[in-house]
J.: 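Questions regarding the structure given below will be posed in turn.
For the numbers below, each heavy atom of this structure counts, side chains included, while hydrogens, waters and symmetry mates do not. Every chain is numbered from 1 and lettered A, B, ... according to where its sequence line falls, protein lines coming before strand lines.
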Amino acid sequence: MPELPEVEVVRAGLESHVVGRTIEVADVRGDRVARRHEGGAAALARALTGRRLCSAERRGKFLWLPLDDGHALMTHLGMSGQMLVLPAEEPPVRHEHARLDFEDEGPTLRFADQRTFGGWSVDPLVPDPHGGDHPGGVPATATHIAPDPFETCFDAGAVAARLRTRRGPVKRAILDQGLVSGVGNIYADEALWRTGVHGERPGHSLTGPRARALLTHLQAVMGEALEQGGTSFDALYVNVNGASGYFDRRLAVYGQQGRPCPACGSTVLRSPFDGRSSHWCPTCQTRPRSAPRGVAR
DNA sequence: CTGTACTCCTGGTCGC
DNA sequence: TGCGACCAGGAGTACA
């Protein structure tokens, strides 16, 4: 499941393999992949045909390729989306929903997505409301997305302060892409563990330094993951399997239920959270005094 | 404004 | 061996 580090690997791959090239043919198969695009698949293909890809930009898990007409090809990988650079003669891969062929006859770009939570659209670029690192603007559909911890405009003090006004669980707050973007279930659990904070603690129960530490750990764990993911490329193949990859063996708690906590040796637990799972150490991360949910099994 | 429930989707796994 | 139930979960949407 691609989170910020995995999406950044994809962005860098697109930057080196498709930026600067002009689309000759856009093939969009099915309206599902284009469901965020006004007019559906046919309109999306028309909006891409003949356009040049000017750069590859990212905010959190949102990825976009500005075009030469004031719009951008906006993408989200969802749970299982892959952007693959493949030779033109390569047959469609499984779950391939869209394909770009370029005027230079070089390698093609394919979008494959097993679970179809991801998608493509062409959106107008508008000024960045967060005053961030995107002088060319951001897609109109992403203006509600907060800067991620790697952006120069990321204001850790302000985000920590907002975190401390939330009455809900702190994990839900750091998964809120409108507060801080790029964080998914894996890195949320890892950062909470590193901070020694249980995800069900209310945001407002964190001290200022603790909230700041959580943001620092978020950036650190995603930065380390990015270093591990940087090698999953080769010239013609963009590997975008965020669930695997080299960082897996570094995970302290995510998916490690039943195994010893790397810090204290206690058994790592998994418990339901928001219809999903949280992974945590019962010694390093104490639950709030009055847990809003049932005890872990 | 904050918070919560629901929805979309496919493939792998598990229990019977 | 088959089959149904369940699980993985990002983010938009509706609604309180």
J.: Rounded to the Å, how far apart are A/Leu63 CG and C/dA11 C1'?
T.: 16 Å
J.: Can you see whether A/Asp189 engages A/His279 through a side-chain donor-acceptor pair at a distance of less than 3.5 angstrom?
T.: yes
J.: Is it true that A/Trp64 and A/His134 have ring centroids separated by less than 6.0 Å?
T.: yes
J.: Side chain to side chain contact (heavy atoms under 4.5 Å, CB included) with A/Met83: which of A/Val7, A/Val18, A/Thr75?
T.: A/Thr75
J.: Check whether any side-chain N or O of A/Arg276 sits under 4.0 Å from OP1 or OP2 of B/dA5, and answer yes or no.
T.: no
J.: Give each protein N/O atom lying under 3.5 Å from an N/O atom of nucleotides 9-11 of chain B, with the pair distance.
T.:
residue, atom, partner, partner atom, Å
B/dT10, O4', A/Gln114, O, 3.4
B/dG11, OP1, A/Arg94, NH2, 2.6
B/dG11, OP1, A/His95, NE2, 3.0
B/dG11, O4', A/Gln114, OE1, 3.2

J.: Nearest whole Å is fine: how far is B/dT7 C1' from A/Arg35 CZ?
T.: 11 Å
J.: Nearest whole angstrom, please: distance from the P of C/dC7 to the NE2 of A/His279.
T.: 13 Å
J.: Check this for me, if you would: do A/Asp176 and A/Arg166 make a salt bridge, where the nitrogen-to-carboxylate-oxygen distance has to be below 4.0 angstrom?
T.: yes
J.: Send over the distance from A/Ile174 CD1 to B/dG3 P, rounded to a whole Å.
T.: 14 Å
J.: Using whole Å, report how far CE of A/Met79 lies from C1' of C/dC7.
T.: 11 Å
J.: Whole angstroms only, please: what is the CG-P distance between A/Leu4 and C/dG10?
T.: 13 Å
J.: Would you check if there is a donor-acceptor pair between the side chains of A/Thr108 and A/Arg110 at a distance under 3.5 Å?
T.: yes
J.: Can you measure A/Leu175 atom CG to B/dG3 atom C1' for me and round it to whole angstrom units?
T.: 14 Å
J.: Can you tell me how far the CG atom of A/Leu65 sits from the CD atom of A/Glu15, to the nearest 0.5 Å?
T.: 10.0 Å
J.: May I ask you to say what A/Thr165 touches in the nucleic acid, namely base, sugar-phosphate or nothing, with a heavy-atom cut-off under 4.0 Å?
T.: nothing
J.: Does the pair A/Glu8/A/Arg58 count as a salt bridge with the N-to-O cut at 4.0 Å?
T.: yes
J.: What's the separation between atom OG in A/Ser277 and atom CZ in A/Arg270, rounded to the nearest 0.5 Å?
T.: 4.5 Å
J.: Using heavy atoms to find the nearest nucleotide of DNA chain C for A/Gln177 and A/Ser277 separately, return the residue whose nucleotide is more 5′.
T.: A/Ser277
J.: Just the rounded figure in Å: distance from P of C/dA11 to CG of A/Asp113.
T.: 13 Å
J.: Determine the minimum heavy-atom distance between A/Arg164 and A/Leu206, stating which atoms define it.
T.: NE-O, 2.7 Å
J.: With 3.5 Å as the limit, what N/O pairs link the protein to nucleotides 12-16 of chain C?
T.:
residue, atom, partner, partner atom, Å
C/dG12, OP2, A/His144, NE2, 3.0

